[in-house]
**Student:** 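Pasting a structure here, questions to come.
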2 protein chains.
Amino acid sequence: MPGPSVQMNEMRFPGDVEDRLSLSERYCALQGSRLTDTRRQVLGMILSSPRPIGAYDLLDLLRSHHRNAAPPTVYRALEFLSDHGLIHKIERLSAFVGCSHRLRCHHGKACGHRAQFLICRTCGIVKELENDETESAVNLAARNVGFHVEHTTIEVEGICAQCAEHVS
Amino acid sequence: MPGPSVQMNEMRFPGDVEDRLSLSERYCALQGSRLTDTRRQVLGMILSSPRPIGAYDLLDLLRSHHRNAAPPTVYRALEFLSDHGLIHKIERLSAFVGCSHRLRCHHGKACGHRAQFLICRTCGIVKELENDETESAVNLAARNVGFHVEHTTIEVEGICAQCAEHVS
DNA sequence: TTGCCCCTGTTATAACATAACGAAGCAGTG
DNA sequence: CACTGCTTCGTTATGTTATAACAGGGGCAA
Ligand SMILES: [Zn+2]
Ligand SMILES: [Zn+2]
Ligand SMILES: [Zn+2]
Ligand SMILES: [Zn+2]
């Protein structure tokens, strides 16, 4: 009876997603971390989703290829991916998106990459911006009251350009 | 057998909180809204808390004065207070703080008040800033990609001035 | 071999939030 | 007052998101 001892079938993703997964694998290896099967599959599912996806939706998807998956399975993977800057959590949605910056960045885990997220309330698509002026302004304002900034969450809700066109 | 038909005892708050509650009551009246007993008590509890307080902590407090309180009781009050700009939700904490702006503002419900929140990860205290440069920068960045902004969430995690002193 | 660290499996529970429906209260109106 | 419409609230149940806690497996180095 051939086959692996654990019920984990390989999940196939579109070519561009596979490319990003390969890059992510190499990126993790350089950090001395391992992009294991589960982590890779969760990342692939996030990258394949056109909009932010929640932990329990990921769990449902994961289960069709990984029988034993439970909430901690997903949350552990999400924590790893988040720690390594491969994904971002959108707080307002309790959902996750792939980082559109990380794979273009050569500074590693602690590069201080900060972003702003534009959330369209019509189509649900989230765009990641990296606007230095915004970061500078908020950092300055915080320092002016003696606050030491460690992490900034900026999430903008509104209507994206696409959706605005459709209405007019 | 005297007493009200509903088990709702008046809760007493410190003088400064009572002052803000009175102002809030007048503010709501001007809007044609009613700051009912439950809403007033929830607001009072939020204003009395030195740090953000979660819905279920509010529920526990509320129950000692209001036997029948259930989750919807609290969430309805929170929605009302939030809609009227009297409180803010801190997304990263799923918890609520009183607005430090509203009672100084004469523009009413739709004044477009926007704020940034500095969350100290040591003491848990949250400070509300109103920095126009930050708002301008993020609005500009969004408009540059054709995004129509409706609401912005800015939450900064780090160490407050107080706590930074204690360490050094 | 032993000990250590990382990763995972598994069960259970905590924490946060809303759906749905009916009744009570509080306007105005005739 | 009786009628009506609207807001608020009580109540029960359920949905959604996230973590605690502990055991086991597998690689690697001393
Ligand atoms: Zn990013
Ligand atoms: Zn859109
Ligand atoms: Zn405010
Ligand atoms: Zn502090």
Side-chain angles (χ1 to χ4, degrees), chain A residues 4-9 25 28-29 31-43 45-46 52-63 65-84 87-97 109 124, chain B residues 4-9 25 28-29 31-43 45-46 51-63 65-84 86-97 109 124:
Chain A
S5 63
V6 173
Q7 290 296 345
M8 168 101 72
N9 306 321
E25 229 161 61
C28 287
Q31 309 272 318
S33 303
R34 291 187 300 149
L35 189 64
T36 61
D37 280 351
T38 302
R39 293 165 177 173
R40 185 190 161 94
Q41 294 201 1
V42 169
L43 178 55
M45 295 185 305
I46 292 171
I53 183 168
Y56 281 76
D57 288 339
L58 288 167
L59 179 55
D60 287 343
L61 289 175
L62 192 58
R63 273 186 167 141
H65 294 261
H66 183 168
R67 304 253 178 108
N68 298 325
T73 312
V74 170
Y75 280 99
R76 283 167 183 156
L78 290 171
E79 185 182 10
F80 174 91
L81 296 171
S82 194
D83 283 350
H84 287 74
I87 63 172
H88 296 289
K89 179 176 181 182
I90 307 298
E91 298 286 345
R92 291 179 64 81
L93 304 178
S94 292
F96 302 83
V97 294
K109 203 162 161 180
Chain B
S5 63
V6 174
Q7 290 296 346
M8 168 100 72
N9 307 320
E25 229 163 63
C28 287
Q31 310 271 318
S33 303
R34 292 186 299 149
L35 190 64
T36 61
D37 281 352
T38 302
R39 292 166 178 173
R40 185 190 162 94
Q41 294 201 2
V42 169
L43 179 55
M45 296 184 306
I46 292 171
R51 60 207 87 219
I53 183 169
Y56 281 74
D57 289 340
L58 288 167
L59 180 56
D60 287 343
L61 290 174
L62 192 58
R63 274 186 166 141
H65 294 261
H66 183 168
R67 306 252 177 107
N68 298 325
T73 312
V74 170
Y75 280 101
R76 284 166 183 157
L78 290 172
E79 185 182 11
F80 174 90
L81 296 170
S82 193
D83 283 350
H84 288 75
L86 295 168
I87 63 171
H88 296 290
K89 178 176 183 183
I90 307 298
E91 298 287 344
R92 290 179 65 82
L93 304 177
S94 294
F96 303 83
V97 294
K109 203 161 160 178

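Every value quoted in this text rests on a predicted model; they were computed, and no experiment measured them. Labels below follow one simple rule: chain letters A, B, ... track the order of the sequence lines, proteins then strands, and each chain is numbered from 1.
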**Student:** Rounded to whole Å, please give me the gap between CG in D57(B) and C1' in dA15(C).
**Tutor:**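 Distance check: D57(B) CG to dA15(C) C1' gives 10 Å.
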**Student:** What heavy-atom pair brings V74(A) and L58(A) nearest, and what distance separates the two atoms?
**Tutor:**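 Residues V74(A) and L58(A), closest heavy atoms: CG1-CB, 4.2 Å.
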**Student:** Hey, is the side chain of N68(B) poking within less than 4.0 Å of OP1 or OP2 on dT11(D), counting only N and O atoms?
**Tutor:**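 Yes, N68(B) has a side-chain N/O under 4.0 Å of OP1/OP2 on dT11(D).
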**Student:** Quick one: R92(A) CZ to dA17(C) C1', roughly how many Å, whole number?
**Tutor:**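 Taking CZ of R92(A) and C1' of dA17(C), I get 15 Å after rounding.
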**Student:** Provide, to the nearest angstrom, the distance between the CD atom belonging to E79(A) and the C1' atom belonging to dA18(D).
**Tutor:**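 After rounding, the gap between these two atoms is 12 Å.
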**Student:** Apply side chain to side chain donor-acceptor pair (under 3.5 Å) to residues H84(B) and S33(B) and explain how you reach the verdict.
**Tutor:** CA-CA 9 Å; H84(B) 288 75; S33(B) 303; 2.8 Å; yes
**Student:** Respond yes when some side-chain nitrogen or oxygen of R34(B) is under 4.0 Å from OP1 or OP2 of dA27(C), and no when none is.
**Tutor:**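 The answer is no; no side-chain N or O of R34(B) sits under 4.0 Å from OP1 or OP2.
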**Student:** Phosphate oxygens OP1/OP2 of dC9(D): is one of them under 4.0 Å from a side-chain N or O of H66(B)?
**Tutor:**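 Looking at the OP1 and OP2 atoms of dC9(D), neither is under 4.0 Å from any side-chain N or O of H66(B).
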**Student:** Polar atom pairs between nucleotides 20-22 of chain D and protein, under 3.5 Å, N or O only, would you list them?
**Tutor:**
unit_1: dA21(D); atom_1: N6; unit_2: R76(A); atom_2: NH2; d: 3.3

**Student:** Could you state the CG-P distance from D37(B) to dC9(D), rounded to the nearest angstrom?
**Tutor:**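 Taking CG of D37(B) and P of dC9(D), I get 9 Å after rounding.
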**Student:** Which is more 5' along DNA chain C, the nucleotide nearest F96(B) or the one nearest Y56(A)? Just name the residue.
**Tutor:**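 The residue whose closest nucleotide sits nearer the 5' end is Y56(A).
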**Student:** Counting just side-chain N and O atoms, does T36(B) come under 4.0 Å of either OP1 or OP2 of dC9(D)?
**Tutor:**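 True: T36(B) side-chain N/O within range (under 4.0 Å) of dC9(D) OP1/OP2.
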**Student:** So which atom in L62(A) and which in Q41(A) form the shortest heavy-atom distance, rounded to 0.1 Å?
**Tutor:**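 Distance-wise, the nearest heavy atoms are CD1-OE1, 3.7 Å.
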**Student:** Quick one: is S94(A) getting a side-chain N or O under 4.0 Å of the dA18(D) phosphate, OP1 or OP2?
**Tutor:**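 Yes, because at least one side-chain N or O of S94(A) sits under 4.0 Å from OP1 or OP2 of dA18(D).
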**Student:** Please give, in whole Å, the distance from dA17(C) P to E91(A) CD?
**Tutor:**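 That distance rounds to 12 Å.
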**Student:** For I87(A) versus S82(A), what's the shortest heavy-atom pair and its separation?
**Tutor:**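 Smallest interatomic distance, heavy atoms only, reads CG1-N, 3.6 Å.
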**Student:** CZ of R63(A) versus C1' of dT10(C): gap in Å, rounded?
**Tutor:**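 Rounding to the nearest Å, CZ of R63(A) and C1' of dT10(C) are 12 Å apart.
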**Student:** Rounded to the nearest Å, what distance is computed from the CG atom of residue L59(A) to the C1' atom of nucleotide dT17(D)?
**Tutor:**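 One finds 12 Å between C1' of dT17(D) and CG of L59(A), rounded.
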**Student:** With a 3.5 Å distance limit and no angle check, can you tell me whether R39(B) reaches the backbone of A77(B) through a side-chain donor-acceptor pair?
**Tutor:**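 No, the answer is negative, given that no donor and acceptor are paired below the 3.5 Å cut-off.
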**Student:** Ignoring hydrogens and angles, does a donor from either the side chain of Y75(B) or the base of dA19(C) sit under 3.5 Å from an acceptor on the other?
**Tutor:**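 Counting by modelled atom types and ignoring angles, no donor-acceptor contact under 3.5 Å is found here.
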**Student:** Between L62(B) (CG) and dC9(D) (C1'), how many Å, whole number?
**Tutor:**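 Taking atom C1' of dC9(D) as the reference, CG of L62(B) is at 12 Å.
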**Student:** Provide the closest heavy-atom pair for A95(B) versus P52(B) in the form atom of the first, atom of the second, distance.
**Tutor:**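 Scanning both residues, the minimum pair turns out to be CB-CB, 3.6 Å.
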**Student:** How close do R34(B) and F80(B) get, heavy atom to heavy atom, and via which atoms?
**Tutor:**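 That closest heavy-atom pairing would be O-CZ, 3.5 Å.
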**Student:** dA17(C) phosphate, OP1 or OP2: any side-chain N/O from K89(B) under 4.0 angstrom?
**Tutor:**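 Checking dA17(C) against K89(B), a side-chain N or O does come within under 4.0 Å of OP1 or OP2.
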